[in-house]
Structure formats: structure tokens, C-alpha cells
Peer 1: 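I'd like to ask you about the structure that follows.
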Amino acid sequence: MAKELTSREENYSQWYNDLVVKADLAENSAVRGCMVIKPYGYAIWEKMQAALDGMFKKTGHSNLYFPLFIPKSFFSKEAAHVEGFAKECAVVTHYRLKNSPDGKGVVVDPEARLEEELIIRPTSETIIWNTYKNWIQSYRDLPLLYNQWANVVRWEMRTRLFLRTTEFLWQEGHTAHASSEEAVEETLKMLNVYTQFAEEYMAVPVIQGVKTDNEKFAGAIDTYCIEALMQDGKALQAGTSHFLGQNFAKAFDVTFTDKNGKPDFVWATSWGVTTRLIGALIMTHSDDNGLVLPPKLAPVHVVIVPIYKTDEQRSMIAEKAEQLKKLLEDEGITVKFDNRDTHKPGWKFAEYELKGVPVRLAIGPKDYENNTVEVARRDTLEKKIIPQEEVVKHVKKLLVDIQDNIYKKALNFRNANTFECNDYAEMKDILENKGGFVLAYWDGTIETEEKIKEETKATIRCIPFGQQHEGGKCIVSGKPSKYRVLIARAY
RNA sequence: CGGGGUGUAGCGCAGUUGGUAGCGUACCUGGUUUGGGACCAGGUGGUCGCGUGUUCGAGUCACGCCACCCCGACCA
């Protein structure tokens with residue numbers, strides 16, 4: 001019993017930390033607040049990247065790459081933007097080290113101070129718009145539909161593996177358009193891409209909406225988001241897409257000549273998702289036995305564990321396993337045959353459950369004789385003996401079933417923990433004792449928003465799309481309200 | 001940055017009134033095992049976070065520093 005997990009009930013946050021480390025996804029590094037993403041965790045990120053990147057390409061985007069460093073002066077050009085990020089920027093002031101005078105180690109060479117300090121990007125709007133200025137003259141140059149996969153740094157006080165680290169990986173799309181309508185359309189299009197990715201690949205149901213002015217991205221006109229509900233009843237923002245209006249074009253003087261020969265500022269969007277999605281994935285599906293990964297993002301779909309007593313059995317079963325592996329791989333399924341003799345089958349079962357491998361096949365002497373295989377599915381832990389000739393068909397179906405089942409399970413959980421609420425005391429009680437999403441009327445004022453935040457520690461996550469009711473009274477002030485907002489404590 | 005806590009073998013921990021460090025696990029070797037985290041025997045592994053002090057003698061006492069974790073405020 002080498003790797004006992006803390007149970008979710010006992011301590012959810014400890015469970016999460018244990019799981020990330022014990023499933024070998026990531027660990028804390030020698031640098032405060034920064035993590036080492038280990039191969040298994042990185043493999044999940046690569047799967048996410050591949051799926052998202054394909055979707056970006058299909059919607060007409062290309063990748064490019066901008067520098068990690070941004071001249072300090074760029075940052076002061078968009079007032080709201082500076083305000084939003086100033087407190088968490090890492091600043092490069094020098095470019096050289098030298099041997100310490102006392103002979104012990106190295107010191108920063110005071111002679112090598114930069115004329116202008118460089119900011120390590122917390123996001124790249126400023127350098128990108130400074131550059132787009134040179135790329136855009138006419139409406140014929142538009143739109144620019146670009147994306148970059150990059151690392152960014154935000155100097156956070158308190159960090160948690162994947163959920164909040166000082167450095168993290170993400171993609172940031174930055175597009176330029178000739179009209180407001182087109183930019184808004186792009187913003188919503190990418191929100192839909194994120195939604196589709198979350199639901200179809202991650203099997204995480206999300207709620208689409210728009211952020212309040214108070215919660216929106218610094219420098220945006222509107223911030224759209226998708227919000228997911230974790231098993232502990234807390235919300236997690238799984239993606240954001242911003243309509244930036246002409247704010248950055250004005251700040252960096254990016255103009256174009258329209259069809260009528262008139263100059264105008266360019267319209268902008270930006271949108272991103274981060275390695276935080278791995279945290280969302282973990283907290284949505286996993287259980288007290290370990291990770292539960294959706295087949296579409298699992299680095300390994302199927303693990304084959306041989307069971308044997310003698311060397312002869314071992315080699316006969318290995319041959320059978322290799323045959324099955326090949327058949328499954330021909331169907332595009334990723335298979336690991338764990339033929340190590342250094343660990344017992346029971347150990348391997350526990351290990352791959354911890355790592356969330358969706359399907360496990362076990363082949364032992366009895367199976368060899370009967371031409372059968374034991375199939376176990378990770379999401380329900382059910383086991384079943386099936387004939388070998390049905391393995392491929394069965395596994396293919398099982399992978400689809402698991403993807404489907406964990407999505408439904410997550411959706412049911414969210415539905416069971418989403419409360420339409422019209423009474424403030426009741427809302428407080430829900431947020432305090434049960435957790436989950438509360439849908440309540442809000443009068444639209446920042447005063448009410450701040451009051452809710454202060455008294456419940458929950459925030460307005462978004463104003464959900466597609467509300468068709470006639471309105472009601474604000475849950476706090478009693479003033480008329482057009483729509484319900486999504487309220488929850490959040491990561 | 002505030003409150004709390006912890007630093008002793010890779011990991012998790014014990015260490016009494018101060019006497020030169022131990023347990024579990026992991027690791028290595030050999031053997032028996034293998035259908036849910038095997039067992040037996042033997043073995044390797046420590047600058048006790050760092051520094052200064054008290055003392056004949058410090059993991060243990062004093063002072064200072066550092067790091068990490070948890071809880072808050074800020075955030076994807």
C-alpha cells in the first residue's frame with residue numbers, strides 16, 4: 001500500500017494535491033510557485049493542445065510566436081490593462097552576472113542594468129498590437145487570425161499545482177478585424193470552440209456567459225467565459241474569450257483604411273485556455289482510487305496486464321497480449337502492455353487505476369485456456385470476462401461509453417448542484433453548506449456584487465446566455481432585475 | 001503580505017532529563033511467489049534546513065536567518 005490517497009470527503013484539497021503528485025502528473029519545483037509538469041501530465045497537455053490546435057486551424061487560425069519579454073513602456077499604454085496586471089509582473093532589470101567579490105557564487109553585475117526594463121509577459125496583447133500596427137494598413141490586410149502557444153508568468157501569492165502557478169502554459173489567440181460585428185462574432189466563435197472542447201474532449205459540461213464589468217479582463221469591452229463545476233461545489237473558469245473593441249488599437253495606434261477610403265481603428269479579440277484545464281479535468285471526474293481520464297485525452301487508452309506463474313505461461317501470454325495490442329493499435333487505440341516482472345498484477349491494477357487509464361485488460365492462464373480476457377473499465381470499476389475475438393469491438397465501444405458516461409455523470413452532478421434561488425438567506429446557506437451554482441437575480445450594480453462577494457465569499461461567475469424568462473427582483477436589493485446570474489465560490 | 005504549522009535517509013515519520021541517530025516504506029542482492037498494492041533473509045543509504053551562541057558534549061537549549069505547507073487577501 002505505497003500510494004494511499006486522501007479521500008475526497010476527508011480533505012478535498014489534500015486529495016487533489018496527493019492525486020496530482022501520486023498519479024505522476026506534476027510536482028513542485030525548486031522555484032517557488034512553479035511546477036515541473038511530468039511526462040504523464042505533459043502527455044495530457046499535448047492531447048489537449050492537439051485537439052484545440054486542430055480546432056483553431058479549422059476555424060482559420062495560424063500559429064505564430066512573440067517574445068517572452070515585453071518592454072515596460074508598452075505596458076503603460078492601455079490604462080485598464082496596466083491596472084489589471086501591474087501587481088503581478090516579473091521584471092527583468094539586468095542582463096549579466098559576475099563572480100561574487102567574496103568568491104562565493106555569482107552576483108548581478110550592477111554595470112549591466114537594462115536601459116529599459118523588460119516585463120515577462122503575463123499576456124501578450126501589448127507586444128502583439130505594437131507589432132500588428134506594422135502589418136495592417138487596409139481592410140484588405142484583415143482579418144488577422146493568429147494564435148500562440150506559450151508560457152506566461154503571473155506573480156501569484158499562493159499557488160497550487162495546475163490551478164494556479166507562477167508560470168503556466170497556455171494558448172492565446174489574438175485577432176484583428178475590420179468591424180465590431182466581425183470581432184464579436186470571432187469572440188463568440190472561439191467561446192464555442194472552447195465549449196465544444198470542454199464538453200466533447202474533456203467531458204466537462206460548462207455554462208457559457210458573459211462576465212460582469214467587475215470581473216472582466218483588464219482592457220476588454222466584454223469578457224465571455226465558460227464555467228465548470230468541480231466535485232467540491234466550487235466553480236472553475238475553463239476558458240475566456242474577450243471582445244477588446246478598439247482599446248488596444250487606440251493604445252497602439254493601429255488603424256486601417258476601410259472600403260470607403262476612411263481610416264478607422266482596428267477591432268480586436270483575444271482568447272485563451274491554460275494548463276489549468278488539467279486541474280479541471282482532475283477535479284471533475286476523478287475519485288478516491290485516483291484519476292479518471294476521458295478516453296479522448298488519456299495518454300494511454302488501454303493497459304494490458306499479464307498474469308502468470310511460470311516463465312512458460314509468461315511468454316505464451318505475452319504473445320497473446322502483443323497480438324491484442326496490435327489489433328487495438330490498428331484501430332487507433334493507444335495500448336500499453338505492462339510485462340514487467342518486477343511488479344505483481346495487483347500492484348499494476350492499483351497503479352493504472354491511480355493513473356486513470358480508461359480500460360484495463362488482464363490475461364491469465366485461465367483466459368489463455370478459454371480464449372478470454374478480463375476487461376475492466378476505470379469509470380465504474382466494473383469487470384467482465386469476454387471472448388478474445390470480441391476484444392477490439394468491445395474496447396472500441398467501451399471507450400465511447402466511458403467518454404459518454406463520465407460526461408453524463410458530471411452533468412448530473414452539476415444539475416443536482418445548481419439552484420435557482422430567490423432568497424438571500426437561502427443563497428448564503430447553499431453557498432456556505434452545500435456549495436454549487438446558484439442562479440439568482442441581480443440588479444446589475446457593483447455595490448450588490450461586492451456585497452455578495454464580501455458576505456458569501458462567492459462571486460458572480462457570469463451572466464449565462466440564453467435566458468428566456470421575464471425577469472425578477474434582485475436577491476440582495478430587491479430592485480428589478482432582467483436576468484439571473486451564476487454565483488459560486490470559485491478557484 | 002498577514003495568521004498557523006513543519007523542516008531528521010528518495011518518501012512518510014519517531015527521537016525521553018543534552019551523551020555522536022532510529023522505524024516504516026522505497027531502493028539493492030538472493031530465494032520463494034504472481035487472478036487486487038506478496039513473503040523471507042541479507043544489504044546500501046543521513047552536512048539532523050542554514051548560521052551563530054551556551055556546553056566537556058547539541059537533532060535536542062537560546063538567538064537569528066532560510067525554505068516549504070496550510071488558512072486568508074489577489075488572480076486563469
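Residue numbers begin at 1 in each chain, while the letters A, B, ... track the order of the sequences.
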Peer 1: Please name all residues satisfying salt bridge (charged side-chain N to carboxylate O under 4.0 Å, His left out) with A:D401, sequence neighbours left out, ordered by chain then number.
Peer 2: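 Partners of A:D401 under the salt bridge (charged side-chain N to carboxylate O under 4.0 Å, His left out) test: A:K397.
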Peer 1: Say we look at B:G49 and B:U16: how far apart would their P atoms be, to the nearest angstrom?
Peer 2: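 Result for the P pair: 14 Å, nearest Å.
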Peer 1: With a sphere of 6.0 Å drawn around NZ of A:K409, does it hold more than 12 non-hydrogen atoms of other residues, nucleotides or ligands?
Peer 2: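 Incorrect, the count does not exceed 12.
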Peer 1: So what does A:T165 hit on the nucleic acid, given a heavy-atom distance under 4.0 Å: a base, only sugar-phosphate, or nothing?
Peer 2: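 Since a base atom lies under 4.0 Å of A:T165, the category is base.
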Peer 1: Starting at CD of A:E215 and ending at C1' of B:C75, how long is that distance when rounded to a whole Å?
Peer 2: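 Interatomic distance, CD of A:E215 to C1' of B:C75: 10 Å.
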Peer 1: Across the strands shown, which category fits A:E156 at heavy-atom distances under 4.0 angstrom: base, sugar-phosphate, nothing?
Peer 2: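 It contacts base atoms.
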Peer 1: Work out how far the P atom of B:U6 is from that of B:A62, and round it to whole angstrom.
Peer 2: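 B:U6 and B:A62 have their P atoms separated by 14 Å.
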Peer 1: For A:G33 and for A:F217, find the nucleotide of RNA chain B with the closest heavy atom, then tell me which residue's nucleotide is more 5'.
Peer 2: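 It is A:G33 whose nearest nucleotide is closer to the 5' end.
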Peer 1: Please give, in whole Å, the distance from B:C70 C1' to A:N11 CG?
Peer 2: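 Going from A:N11 (CG) to B:C70 (C1'), I get 9 Å.
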Peer 1: Dot-bracket, 5' to 3', for RNA chain B please: Watson-Crick or G-U pairs under 3.5 Å, [ ] where pairs cross earlier ones, | where the partner sits on another strand, dots elsewhere.
Peer 2: (((((((..((((.....[..)))).((((((.....)))))).....(((((..]....))))))))))))....
Peer 1: Less than 4.0 Å between a side-chain N and a carboxylate O, is that true for A:E353 and A:K348?
Peer 2: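 Salt bridge between A:K348 and A:E353, a charged N being under 4.0 Å from a carboxylate O: no.
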Peer 1: Distance check, P atoms only: B:G18 and B:U55, in whole angstrom units.
Peer 2: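 16 Å, rounded to whole Å.
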Peer 1: Does NZ or CZ of A:K325 fall inside the cone over A:F337's six-membered ring, less than 6.0 Å from its centre and within 45° of the axis?
Peer 2: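 The answer is no; the distance or angle limit is not met.
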Peer 1: Are more than 12 heavy atoms, taken from residues, nucleotides or ligands other than A:N371, located less than 6.0 Å from that residue's CG atom?
Peer 2: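 Yes - once you tally the heavy atoms of other residues, nucleotides and ligands closer than 6.0 Å, there are more than 12.
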Peer 1: Please lay out, stage by stage, how A:D338 and A:K336 fare under the test salt bridge (Lys or Arg N to Asp or Glu O under 4.0 Å).
Peer 2: CA-CA 6 Å; A:D338 188 348; A:K336 174 172 178 159; 5.3 Å; no
Peer 1: For A:K87 and B:A73, what is the distance between atoms NZ and C1' respectively, to the nearest whole Å?
Peer 2: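 Nearest whole value for this atom pair: 11 Å.
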Peer 1: Look at the side-chain N and O atoms of A:N17 and state whether any lies under 4.0 Å from the OP1 or OP2 oxygen of B:C70.
Peer 2: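 Yes, A:N17 has a side-chain N/O under 4.0 Å of OP1/OP2 on B:C70.
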Peer 1: Distance check, C1' atoms only: B:G46 and B:U33, in whole angstrom units.
Peer 2: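 Their C1' atoms lie roughly 34 Å apart.
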Peer 1: With sugar-phosphate meaning primed atoms plus P, OP1 and OP2, does A:Q14 contact a base, only sugar-phosphate, or nothing at under 4.0 Å between heavy atoms?
Peer 2: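 No contact.
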Peer 1: Rounded to the nearest Å, what distance is computed from the CG atom of residue A:L5 to the C1' atom of nucleotide B:G37?
Peer 2: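 Nearest whole value for this atom pair: 13 Å.
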Peer 1: Give the nucleotide from the list B:G37, B:C75, B:G35 with an atom nearest to the side chain of A:R164.
Peer 2: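 Closest nucleotide to the A:R164 side chain: B:C75.
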Peer 1: Can you name the atoms? Protein N/O to nucleotides 27-33 of chain B N/O, anything below 3.5 Å, with the distance.
Peer 2:
none

Peer 1: Does a side-chain N or O from A:N28 land closer than 4.0 Å to OP1 or OP2 of B:C69, or not?
Peer 2: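 Result: yes.
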Peer 1: Select base, sugar-phosphate, or nothing to describe what A:R160 touches, counting heavy atoms under 4.0 Å on all strands.
Peer 2: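 If one applies the 4.0 Å heavy-atom cut-off, A:R160 turns out to touch nothing in the nucleic acid.
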Peer 1: Quick one: label A:T275 by what it contacts on the DNA or RNA (base, sugar-phosphate, nothing), any heavy atom closer than 4.0 Å.
Peer 2: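 A:T275: no heavy atom of the nucleic acid under 4.0 Å.
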Peer 1: Check this for me: A:W170, atom CH2, are more than 12 non-hydrogen atoms of other residues, nucleotides or ligands nearer than 6.0 Å?
Peer 2: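 Yes.
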Peer 1: Could you go through A:E27 and A:K38, starting from their C-alpha distance and side-chain angles, then the distance that decides it, and tell me whether this counts as salt bridge (Lys or Arg N to Asp or Glu O under 4.0 Å)?
Peer 2: CA-CA 7 Å; A:E27 64 187 34; A:K38 298 191 74 180; 3.8 Å; yes
Peer 1: Centres of the A:F248 and A:W267 rings: under 6.0 Å?
Peer 2: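 A:F248 vs A:W267: aromatic centres not under 6.0 Å.
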Peer 1: Between P on B:C68 and CD on A:E27, what's the gap in Å once rounded to a whole number?
Peer 2: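 These atoms are roughly 15 Å apart.
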Peer 1: Between P on B:U34 and CZ on A:R314, what's the gap in Å once rounded to a whole number?
Peer 2: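 Computing the A:R314:CZ to B:U34:P distance gives 14 Å.
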Peer 1: Determine the interatomic distance between C1' on B:G12 and the same-named atom on B:C69; round to the nearest Å.
Peer 2: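 About 15 Å, rounded to a whole number of Å.
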Peer 1: Looking for any heavy atom pair under 4.0 Å, which part of the strands does A:K211 touch: base, sugar-phosphate only, or nothing?
Peer 2: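 Nothing, no nucleic acid heavy atom in range.
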Peer 1: Let me spell it out: for each of A:G84 and A:R32, pick the nucleotide of RNA chain B with the closest heavy atom. Which residue's pick is nearer the 5' end?
Peer 2: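 Upstream on the strand: A:R32.
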Peer 1: Validate the cation-pi geometry between A:R360 and A:F349: distance from NZ or CZ to the six-membered ring centre under 6.0 Å, angle to the ring axis within 45°.
Peer 2: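 Yes; both conditions hold, so A:R360 lies above the ring face of A:F349.
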Peer 1: NA contact type, A:L236, heavy-atom cut-off 4.0 Å: base, sugar-phosphate, or nothing?
Peer 2: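 The residue A:L236 makes no contact with any strand.
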Peer 1: Of the nucleotides B:G37, B:G36, B:C75, which has the atom closest to the A:K383 side chain?
Peer 2: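 Output: B:G36.
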Peer 1: If I pick the C1' atom on B:U34 and the same atom on B:G42, what distance separates them, to the nearest angstrom?
Peer 2: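 These two C1' atoms come out 23 Å apart once rounded.
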Peer 1: If the sugar-phosphate is the primed atoms plus P, OP1 and OP2 and the base is the rest, what is the B/S/- string for nucleotides 1-8 of chain B, using protein heavy atoms under 4.0 Å?
Peer 2: B-------
Peer 1: Would you please name every residue forming a side-chain hydrogen bond (donor to acceptor under 3.5 Å, both in side chains) with A:R377, sequence neighbours left out?
Peer 2: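 For A:R377 the side-chain hydrogen bond (donor to acceptor under 3.5 Å, both in side chains) partners, ignoring immediate neighbours, are A:D379, A:T380.
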Peer 1: Any salt bridge (Lys or Arg N to Asp or Glu O under 4.0 Å) involving residues 162-173 of chain A? Give me the pairs, sequence neighbours left out, ordered by first then second residue.
Peer 2: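 Checked against salt bridge (Lys or Arg N to Asp or Glu O under 4.0 Å) - neighbours excluded - no pair reaches residues 162-173 of chain A.
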Peer 1: Tell me whether A:K211 forms a cation-pi arrangement with A:F217, defined as NZ or CZ under 6.0 Å from the six-membered ring centre and within 45 degrees of its axis.
Peer 2: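 No, A:K211 does not sit over the ring of A:F217.
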Peer 1: If you measure from the P atom in B:C27 to the same atom in B:U52, how many Å do you get, rounded?
Peer 2: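 Here B:C27 and B:U52 have their P atoms 38 Å from each other.
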Peer 1: May I have the distance from A:E88 (atom CD) to B:C74 (atom P), rounded to whole angstrom?
Peer 2: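 So the two atoms are 12 Å apart, to the nearest Å.
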Peer 1: Please state the C1' separation for the pair B:G45 and B:A21 - nearest whole angstrom.
Peer 2: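 The same atom, C1', in both gives a distance of 14 Å.
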Peer 1: What contact category does A:K348 fall into here, base, sugar-phosphate, or nothing, at under 4.0 angstrom with non-hydrogen atoms?
Peer 2: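 Here A:K348 touches no strand at all.
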Peer 1: Could you give the CD-to-P distance, from A:E450 to B:A73, as a whole number of Å?
Peer 2: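 Nearest whole value for this atom pair: 13 Å.
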Peer 1: Can you confirm whether more than 12 heavy atoms, excluding those of A:E389, are under 6.0 Å from its CD atom?
Peer 2: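 Check passes, neighbour count above 12.
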